[in-house]
Amino acid sequence: MESKDDDGGGGLRCLVTGATGYIGGRLVPELLEAGHRVRCLARTPEKLRDYPWAGEAEVVEGDVTDAQSLGAAMRGIDVAYYLVHALASGSGFEKTDRDAAHTFGEQAKAAGVRRIVYLGGLTPADVPERELSPHLRSRAEVGHILLASGVPTAVLRAAVIIGSGSASFEMLRYLTERLPVMVTPSWVSTRIQPIAVRDVLRYLVGSAHMPAEVNRTFDIGGPDVMTYRDMMQRYAEVATLRHRLILPVPMLSPGLSSHWVGLVTPVPASIARPLAESLRYEVVCHEHDIAEHVPDGPGQPFSFATALSLALQRVREAKVSTRWSSASTPGIPSDPLPTDPDWAGGSLYTDVRELDVDASPEALWRVVEGIGGVNGWYSFPLAWAVRGWLDRLVGGVGLRRGRRDAQRLRVGDSLDFWRVEEIEPGRLLRLRAEMRLPGLAWLEMYAEKGKDGRSHYRQRALFHPFGLLGHAYWWSVSPFHAVIFGGMARNIAQAADRQTKGAQK
């Protein structure tokens, strides 16, 4: 990026943290569309390489907790967006959030950044912050720290964000669609002011141009104030479902209700809990001053029904650009696959399956890239389902995260209880396990050219055990590998053959 003195007619220079997350991944193209130049800070830049806008934005490696990398990323920046938090990273997440916010503010001031924009959570006016849930309390504290940083800051506070792929939308969607009769926690009667993700993005982009004297919080919300019960009934109307019978039960605590949400929806308990805790409080906007700086156009902000309709349309058209699971789930393995088979640190168990396939390499690759989600895993569905349920019971993500797109994958996508670690279109798909395991696991699938126009399918499962328990785990499940992995390889090959024969008719 150019220095600040060289405006170059290219708009403002914006730093976006959290670009691999739900909001950050959508904000970047909005900033680019508005004529700004964007730099993304990412711990793993490779996760952004397949995003449609990757070639238009600069991506640098770094972390908000690392002053050196953050300081380098801040150089030449006009507006810095703070869209990260350490939620569920452990019992010390509040301290991590606090330290990261201090570092961000200090580095922004040292670099001469003109404005910080932070998306936080809407808090109730009549509840002291010390009595809030740890999630809301931490989000509020981060806002205070950034406002006191010496850099003009706009803190946007939103309640429930409704958009295709958002955790709040997925939770609402699956609860309403799957349970025509619901025994629910008492928080379904709490008043909430939801907001469409499109309005959130519009306010975030517009905040970049606020005058230097503006250093404050802004409540942002849609025009509708409703209970969560109202939201579920409205969803049923928009999705043309029957009226839902909802029976609140006061004794369901946030912890119990988060497990209930985790069982019914794709959102795991670790993410459902802070959402449920936030819903205990009435979160309604007490001002709409943001409109003085980012004016609302006709029909803006969007109504709740419109936000639902737009989100459902995106889901039905398979145009979900980011999901709540876009960012890596805290507390799960993130180590890359070792390149050396004799990985220092212990054993690396493997299960290799290879088959010659009559189908073309292109047909074989389509099956490989379409694996998971509604398409399943091509072997012993009950075994995969049981493994997903077991993972849920111990606090894992389970199988129900599904896919962002039914046909296409990109690096960083979540795929049931896996995440795409590497993809070479037409040749290789490598998945890293995010289920609860006593070790690290990967699954590789190759679609290679064979002889006489045929294909060669190669599949490799790898496991790096942690201690004696990890070794015991591998040997306890290895007798089932012939059924699970062997059947998977055969069924993938057969599916590719069927596609080829179908295309020839």
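Position 1 is the first residue of the sequence; numbering continues from there. These numbers come from the heavy atoms of this one structure, side chains and all, not from hydrogens, waters or symmetry mates.
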If you look at every heavy atom in Y473 and P438, which pair is closest and at what distance? CB-CG, 3.6 Å
Rounded to the nearest 0.5 Å, how far apart are CG of L119 and OG of S207? 9.5 Å
Are S309 and T306 close enough, and set up right, to give a side chain to side chain donor-acceptor pair (under 3.5 Å), and what steps lead you there? CA-CA 5 Å; S309 296; T306 300; over 6 Å; no
Backbone of S360 reached by a side-chain donor or acceptor of S455 within 3.5 Å: yes
Contact between L429 and I371 at the side-chain level, heavy atoms closer than 4.5 Å - yes or no? yes
Can you check whether G373's main-chain N or O pairs, donor with acceptor, with D416's side chain at less than 3.5 Å? yes
L428 and M445, any side-chain heavy atoms less than 4.5 Å apart: no
Would you indicate whether the side-chain heavy atoms of E421 and L443 approach each other to under 4.5 Å? no
Check step by step if side chain to side chain contact (heavy atoms under 4.5 Å, CB included) holds for F417 and R387. CA-CA 10 Å; F417 48 40; R387 186 64 184 87; 3.9 Å; yes
So does R432 pair up with E434, basic N to acidic O under 4.0 Å? yes
Any idea which heavy atoms bring W53 and G25 closest together, and the distance? NE1-O, 3.3 Å
Heavy atoms, side chains only, cut-off 4.5 Å: are V59 and Y51 in contact? no
OH (Y378) and CD (Q459) are apart, to the nearest 0.5 Å, by 12.5 Å
When every non-hydrogen atom of F218 is compared with those of V214, the smallest separation belongs to CZ-CG1, 3.7 Å
Carboxylate-amine/guanidinium proximity below 4.0 Å for R202 and D199: yes
Judged by atom type as modelled, is there a donor-acceptor pair below 3.5 Å linking the side chain of R173 to the main-chain atoms of S168? no
Tell me whether D97 contacts the main-chain N or O of S138 through its side chain, where contact means a donor paired with an acceptor under 3.5 Å. no
Is E354 atom CD crowded by more than 12 heavy atoms from other residues, nucleotides or ligands, each under 6.0 Å away? yes
Test side chain to side chain contact (heavy atoms under 4.5 Å, CB included) applied to D405 and R408, step by step: CA-CA 6 Å; D405 185 291; R408 298 286 178 264; 3.8 Å; yes
I need the minimum non-hydrogen distance between A291 and D296, along with the two atoms involved. CB-OD2, 3.8 Å
Would you say the side chains of Y457 and E448 form a donor-acceptor pair under 3.5 Å? no
Hits for side-chain contact (heavy atoms from CB on, under 4.5 Å) against A208, two or more places apart or cross-chain, chain-then-number order -> L12, V79, Y81
Rounding to 0.5 Å, atoms CG (L415) and CD (E369) come to a distance of 10.5 Å
Would you find a donor on one side and an acceptor on the other, under 3.5 Å apart, between the side chain of Q300 and the backbone of G297? yes
Does some side-chain heavy atom of M74 sit less than 4.5 Å from a side-chain heavy atom of F104? yes
Is D50 reaching over with its side chain to a backbone N or O of R410, donor-acceptor style, under 3.5 angstrom? no
Taking the side chain as C-beta and beyond, is there a heavy-atom pair between L172 and T176 under 4.5 Å? yes
Any donor-acceptor pair under 3.5 Å linking the side chain of E106 with the backbone of S149? no
Under 3.5 Å, is there a donor-acceptor pair between the side chain of R403 and the main chain of V374? no
Any side-chain donor near an acceptor of the partner, R430 and Y446, under 3.5 Å: no
Using the rule given for side chain to side chain contact (heavy atoms under 4.5 Å, CB included), can you reason through V197 versus R26, listing the C-alpha separation, both sets of side-chain angles and the distance that settles it, and then say yes or no? CA-CA 9 Å; V197 68; R26 297 189 180 208; 3.9 Å; yes
For V151, does its backbone N or O pair with a side-chain atom of R115 as donor and acceptor, under 3.5 Å? no
Does NZ or CZ of R353 come closer than 6.0 Å to the centre of the six-membered ring of F485, within 45° of the ring's axis? no
Which heavy atom of A42 sits nearest to which heavy atom of P45, and what is that distance? O-CD, 3.8 Å
For the side chain of S164 and the backbone of A311, is there at least one donor-acceptor N/O pair under 3.5 Å apart? no
Residues that R49 engages under side-chain contact (heavy atoms from CB on, under 4.5 Å), provided they are two or more places apart: V411, E422, I423
Quick one: do R43 and E61 make a salt bridge, cutoff under 4.0 Å? no
Answer yes or no: is there a side-chain heavy-atom contact under 4.5 Å between L462 and L348? yes
Decide yes or no for L41 and V16: does some side-chain heavy atom of the first lie under 4.5 Å from some side-chain heavy atom of the second? no
Could you tabulate the donor-acceptor pairs under 3.5 Å formed by side-chain atoms of residues 156-163, not counting sequence neighbours?
{"from": "R157", "atom 1": "NE", "to": "D219", "atom 2": "OD1", "distance (Å)": "3.0"}
{"from": "R157", "atom 1": "NH1", "to": "T123", "atom 2": "OG1", "distance (Å)": "2.7"}
{"from": "R157", "atom 1": "NH2", "to": "D219", "atom 2": "OD1", "distance (Å)": "2.9"}

V38 and E58: side chain to side chain contact (heavy atoms under 4.5 Å, CB included), yes or no, with the steps? CA-CA 6 Å; V38 179; E58 179 187 2; over 6 Å; no
